[in-house]
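To start, the structure under review is shown below, and the notes come after it.
In what follows, residues are counted from 1 in the order of the sequence shown. All figures in this text were calculated on a predicted structure; none of them were measured in a lab. Whatever order the structure lists ligands and atoms in, that order sets their numbers, starting from 1.
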Amino acid sequence: MAPRYQLFCPVIKIHVSIPLLDRANTKYTVSFVAPSNKDTIAKLRFSEAARGQTVTLHGYLGHSRTPSKKLTFVEFFGPELDEQIQLVSIVEVSGQHVHESLRHKKALTPAVIKGQIKVKSAPTVTERDKQQVPNEIELLEIHVLNEFSNDVDNSHSLGPDQRHLQLKSSSQLRQALQFRSQIYNAACTELTAQAYQHIETPLLFRSTSEGAREFLVPTRQRGLAYALPQSPQQYKQLLMASGIPRYFQMARCFRDEDMRADRQPEFTQLDLERAFASGRDVMADVERLVRRIIQKIPAPYGGTTLQIPEDSAFDTLTYHQAMSKYGIDKPDLRLEYSIKRIDHLLPVDLISKISPLHQPAVDISMFSAPESMESNPSRMREFISTFLDAPDATTYNSNPHGGPGVFIYDSRSPLSGLQAFGFEAAEEVERLFEPRDGDLLLIQARPNEEFTGGSTALGRLMIDLNKSALDQNLKTLSKELKFLWVVDFPLFTPVSTGEESQRKFTELQSTHHPFTSPKTAEDVDLLITNPRAAIADHYDLVVNGVEVGGGSRRIHNAAVQRFIMEQVLKLPVGKVEEFAHLLEALGTGCPPHAGFALGFDRFIAVLLGEYSVRSVMAFPKWGKGDDPLVKAPAQVSDEDWKIYKLSPMS
Ligand code: ASP
C-alpha cells in the first residue's frame with residue numbers, strides 16, 4: 001500500500017487521508033512553463049530553419065525504445081495528438097535524472113519537454129530517398145505533468161467504460177469531433193447570414209403527447225414533473241406566435257425509445273423555424289444551408305466525396321413515388337434498382353402460389369448480377385439461396401402476405417427462366433429491366449391498398465440484398481452524397497388493430513407530428529370528408545438512404561389545430577388540454593410558419609460515411625441507454641426519492 005499522510009482536523013475529529021504527494025512535481029504542474037514555440041510538431045519536424053533551436057514543448061509521451069543503457073528514443077505527440085517527433089535521450093546530454101524519468105512512462109503521459117532540434121541522425125532509406133530527413137529533439141529536460149495510472153491498461157481494445165481513453169487513442173474519433181465542430185460553426189454562420197436568430201429554449205418542459213416517450217424530471221412538489229423536450233417543436237412555434245421572424249438552435253432532444261445504431265436517447269438537432277413561410281421556402285433555406293456547409297468543409301475527412309453539384313436542385317420524390325419505385329420512403333439513390341407493379345400481367349395461378357391474399361398488388365424488381373456472377377446463373381442461385389436460408393431472412397420467408405418469388409434469368413432455359421410468368425409478362429419484364437444471364441428477378445405480393453409506413457417487403461429485400469453483396473465485397477457503392485427530398489406524405493397514418501388477417505384501421509395517428517399542416521385547400525376539405533386521403537406539407541431530407549431531417553408547414557390556426565386533435569386524432573379531452581399553451585398562442589394572431597430539424601449526429605455520421613452515430617458523439621449512450629463511463633443512470637438514495645415524494649418501489 002502506498003504511504004499516506006494523516007491530516008487531523010483539530011476542531012471536529014475527522015481525519016482525512018490523502019496519497020503521498022510528490023510536492024516538488026505538484027508545485028511544478030500548477031505553474032508549468034509555457035511552450036517556447038507556436039509551430040506545430042509537424043512543422044518542427046521538417047523545418048530546416050528550426051535546426052539548432054532549443055525549444056520547450058507541451059505534449060504527450062508515446063512509445064519508447066532503449067537500445068542501450070545510455071540511449072532512449074521516445075515518441076512525442078503535440079497536444080492535438082496527431083503529429084509526433086522523436087525525442088532522443090542521451091545520458092551524457094540530458095543527465096541521469098532526465099534519462100531515468102523516461103523509464104516506465106506509459107504512452108499518453110502528458111509532459112513538458114525541453115530540448116534541441118537536430119536533424120535525425122540515422123534516417124531511414126525511404127526518408128533519404130525522398131530527401132525529407134526529419135528532425136528529432138535531443139532531450140535536455142522533461143517534466144511529467146501527470147502520471148498515467150499503472151492500474152489502467154491502455155494497450156488493449158478499450159470499452160465504452162473508458163470512453164476518455166477511446167477518444168485519446170483514436171485519431172479517427174477525435175477527427176470526427178473536430179469535423180463536427182467545424183460543421184456546427186459553418187451551420188451557425190450560414191443561418192445567421194440567412195437572418196435566423198439563435199434562441200435557446202428550455203430543457204425543463206412539460207409532458208405532452210407529441211409522439212415519442214418522454215423522460216420525466218420529478219420535482220419536489222408532489223405529483224408534478226417536468227418532461228425533457230423530445231424536440232423544441234412547441235417552443236419554436238410559440239416563438240413564431242411571439243413575433244420572432246426566424247429562429248434556429250442547436251437543440252438537445254430527448255426520447256425514451258429503444259436504441260439503434262442511428263438512434264440515441266439524447267441527441268442534437270439543428271432546429272429552425274420561419275414565420276410567414278411555406279414548406280417550399282424552408283426547403284430552399286435548408287438546401288442553401290446544406291450546400292454552404294458542404295462547400296466550407298475541408299477536403300474529405302472520411303469516406304465520402306463531399307460535393308453536391310452547384311447547378312442542380314436536390315432531387316424530389318413524393319412519398320407515393322418513393323414507395324412505389326423503391327419500396328422505401330428514404331431511398332438510397334446510389335442503389336441501382338427500381339420496382340414496378342406487375343400483377344395485371346401475371347397469371348392468376350402464379351399469384352396464388354406466392355400469396356394467400358385475394359387480388360393482391362404484386363411488385364417486381366431486379367437485382368443485377370455483380371460482376372463476378374455475370375453470365376453465371378448458378379452462382380446467383382447460390383447467392384440467393386444462402387441469403388434466404390440465413391436466419392435474418394425469416395422476416396421475408398414468413399411474411400403473412402407471402403414470401404418472395406425468385407427467378408434467375410438464364411437464356412438457356414425456356415422463356416429464359418421466366419416461364420411461370422407466361423409469355424406476355426415475361427416479354428414485359430424483358431422490356432422493363434433488360435435482364436442479362438445471372439440477373440435475379442424477385443416478385444412480392446402486398447395488400448392492394450394505399451401505401452402506409454416506411455417500407456414494403458420488396459423494398460426491404462432489395463436493400464438487404466444489396467447490403468449483403470456489399471458486405472461480401474461483391475459490389476461497391478459510390479461515395480458521393482445523393483441528397484433527396486421526399487414530400488407529400490399522407491397527413492395521417494392508420495393505426496392497425498387486431499390480427500393481421502382481420503386488420504381494422506379505425507384510428508388515425510399523425511404521420512409526423514400533430515402540428516403538421518394539410519398541403520392544399522383540397523386537403524383542408526379532406527380533413528372533414530376523408531382525412532386518410534389528406535396530404536401533408538411535410539418534407540424529409542434523405543442522404544444516401546438515411547433520413548437526416550424533416551420538417552413541415554405548421555397549422556397556425558387554433559381552430560384547425562383543435563379540430564385535428566379532437567375530431568381526427570380523437571385525443572381525449574385531457575390530452576388536448578396538454579396543448580392549451582399552444583392553442584392559446586395560435587389564437588393570438590400567430591402568423592403562418594414552417595420549419596425543419598436536421599438530425600445533427602446523423603448528418604455528421606453520413607458525411608463521414610460512418611454507420612453509427614456513436615462514432616461522431618463524444619459521450620454516446622450504449623446498451624439500454626446507459627453511459628458506462630459515468631455509470632448513468634445510477635441508483636439514488638431513499639432520501640433523494642423522498643425529496644421528490646417518490647419511492648423506488650412505487
Ligand atoms: N420537431 C420535428 C422533429 O423533431 C422537426 C420539425 O418538424 O421541425 O421531428
Side-chain angles (χ1 to χ4, degrees), residues 187 191 194 196-203 205-206 208-215 227-241 244 246-257 260 262-275 277-287 289-290 319 329-330 454 485-493 509-519 535-542 546-556 561 564 579 581-582 586 590 592-603 613:
L191 283 174
Q194 287 189 30
Y196 281 84
Q197 261 170 273
H198 187 272
I199 299 178
E200 286 156 298
T201 55
L203 288 185
F205 182 43
R206 57 154 298 145
T208 62
S209 313
E210 193 177 309
R213 191 167 38 229
E214 300 160 323
F215 285 99
L228 297 177
Q230 48 187 284
S231 84
Q233 183 64 36
Q234 294 175 57
Y235 274 120
K236 69 176 172 174
Q237 290 196 241
L238 291 173
L239 284 173
M240 297 299 106
I244 300 295
R246 294 177 190 210
Y247 137 96
F248 86 98
Q249 177 180 199
M250 282 292 186
R252 306 290 286 168
C253 305
F254 305 85
R255 293 182 193 171
D256 189 4
E257 289 175 342
R260 288 203 227 123
D262 64 347
R263 207 187 252 177
Q264 286 274 312
E266 181 180 352
F267 58 97
T268 305
Q269 278 186 348
L270 170 46
D271 191 46
L272 57 90
E273 196 75 17
R274 179 175 155 185
S278 69
R280 204 163 269 283
D281 299 319
V282 169
M283 285 164 74
D285 288 355
V286 171
E287 204 164 314
L289 166 72
V290 170
Y319 166 78
D329 65 358
K330 40 178 186 288
W485 285 111
V486 181
V487 301
D488 294 1
F489 286 79
L491 189 49
F492 306 107
T493 300
Q509 67 187 19
S510 302
T511 303
H512 188 41
H513 55 50
F515 319 113
T516 308
S517 166
K519 182 141 183 172
I535 297 293
D537 191 354
H538 167 78
Y539 30 87
D540 272 355
L541 184 62
V542 174
V546 180
E547 181 205 318
V548 289
S552 57
R553 177 140 56 94
R554 325 299 185 184
I555 298 157
H556 69 284
Q561 183 67 80
I564 286 182
F579 297 100
H581 53 276
L582 184 68
L586 296 181
C590 178
H593 55 283
F596 183 79
L598 183 75
F600 196 63
D601 315 281
R602 261 191 221 177
F603 184 58
V613 289

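Close approach of ligand 1 to Arg255 is summarised as follows: ligand atoms under 4.0 Å from at least one heavy atom of the residue are 3 (C), 4 (O). In summary, the atoms of ligand 1 found under 4.0 Å from a heavy atom of Ser231, numbered by their order in the structure, are 1 (N), 4 (O). Every atom of ligand 1 with a heavy atom of Ala597 under 4.0 Å away is listed here by number and element: 5 (C), 8 (O). Contact atoms of ligand 1 toward Lys236: 6 (C), 8 (O) (distance under 4.0 Å to a heavy atom of the residue). Every atom of ligand 1 is numbered from 1 in the order shown, and the set under 4.0 Å from a heavy atom of Arg554 is 6 (C), 7 (O), 8 (O). Below 4.0 Å from some heavy atom of Gly550 lie the following atoms of ligand 1, by number and element: 5 (C), 6 (C), 8 (O).
For Thr516 and Arg553, the side-chain atoms include no donor-acceptor pair closer than 3.5 Å. For Gln233 and Glu210, the side-chain atoms include no donor-acceptor pair closer than 3.5 Å. Checked by atom type, the side-chain pair Gln269/Ser231 shows no donor-acceptor distance below 3.5 Å.
With a 4.0 Å heavy-atom cut-off, ligand 1 is reached by the backbone of Phe596 but not by any atom from C-beta on.
Relative ring orientation between His512 and His538 is described as tilted, the plane-to-plane angle lying within the 30° to 60° band. Using the six-membered ring where Trp is involved, Tyr539 and Trp485 have ring planes that are perpendicular, over 60° apart on the 30 and 60° scheme.
With a 6.0 Å radius and a threshold of 12 heavy atoms from other residues, nucleotides or ligands, Arg206 has its CZ atom above the threshold.
In terms of polar-atom proximity, Glu210 is not counted as a contact of ligand 1, lacking any N or O under 3.5 Å from an N or O of the ligand. Checked by distance only, ligand 1 and Ser552 stay at 3.5 Å or farther apart across all their nitrogen or oxygen atoms. For a threshold of 3.5 Å applied to N or O pairs, the pair formed by His513 and ligand 1 contains at least one separation below that value.
Taking each of Gln233, Glu547, Gln237 in turn, the one with a heavy atom nearest to atom 2 (C) of ligand 1 proves to be Gln233.
Proximity of Gln269 to ligand 1 is established by a heavy-atom distance of less than 4.0 Å.
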Might you work through the side-chain contact (heavy atoms from CB on, under 4.5 Å) test for Tyr247 and Met240, ending with a clear yes or no? CA-CA 8 Å; Tyr247 137 96; Met240 297 299 106; 4.1 Å; yes
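If you check which protein heavy atom lies closest to atom 9 (O) of ligand 1, you get His512 CE1, 3.4 Å.
Salt bridge annotation for Lys519-Asp488: present, with a cationic side-chain nitrogen under 4.0 angstrom from a carboxylate oxygen.
Here Leu598 contributes atom CG and Phe248 contributes atom CZ; the two are 12.5 Å apart, rounded to the nearest 0.5 Å.
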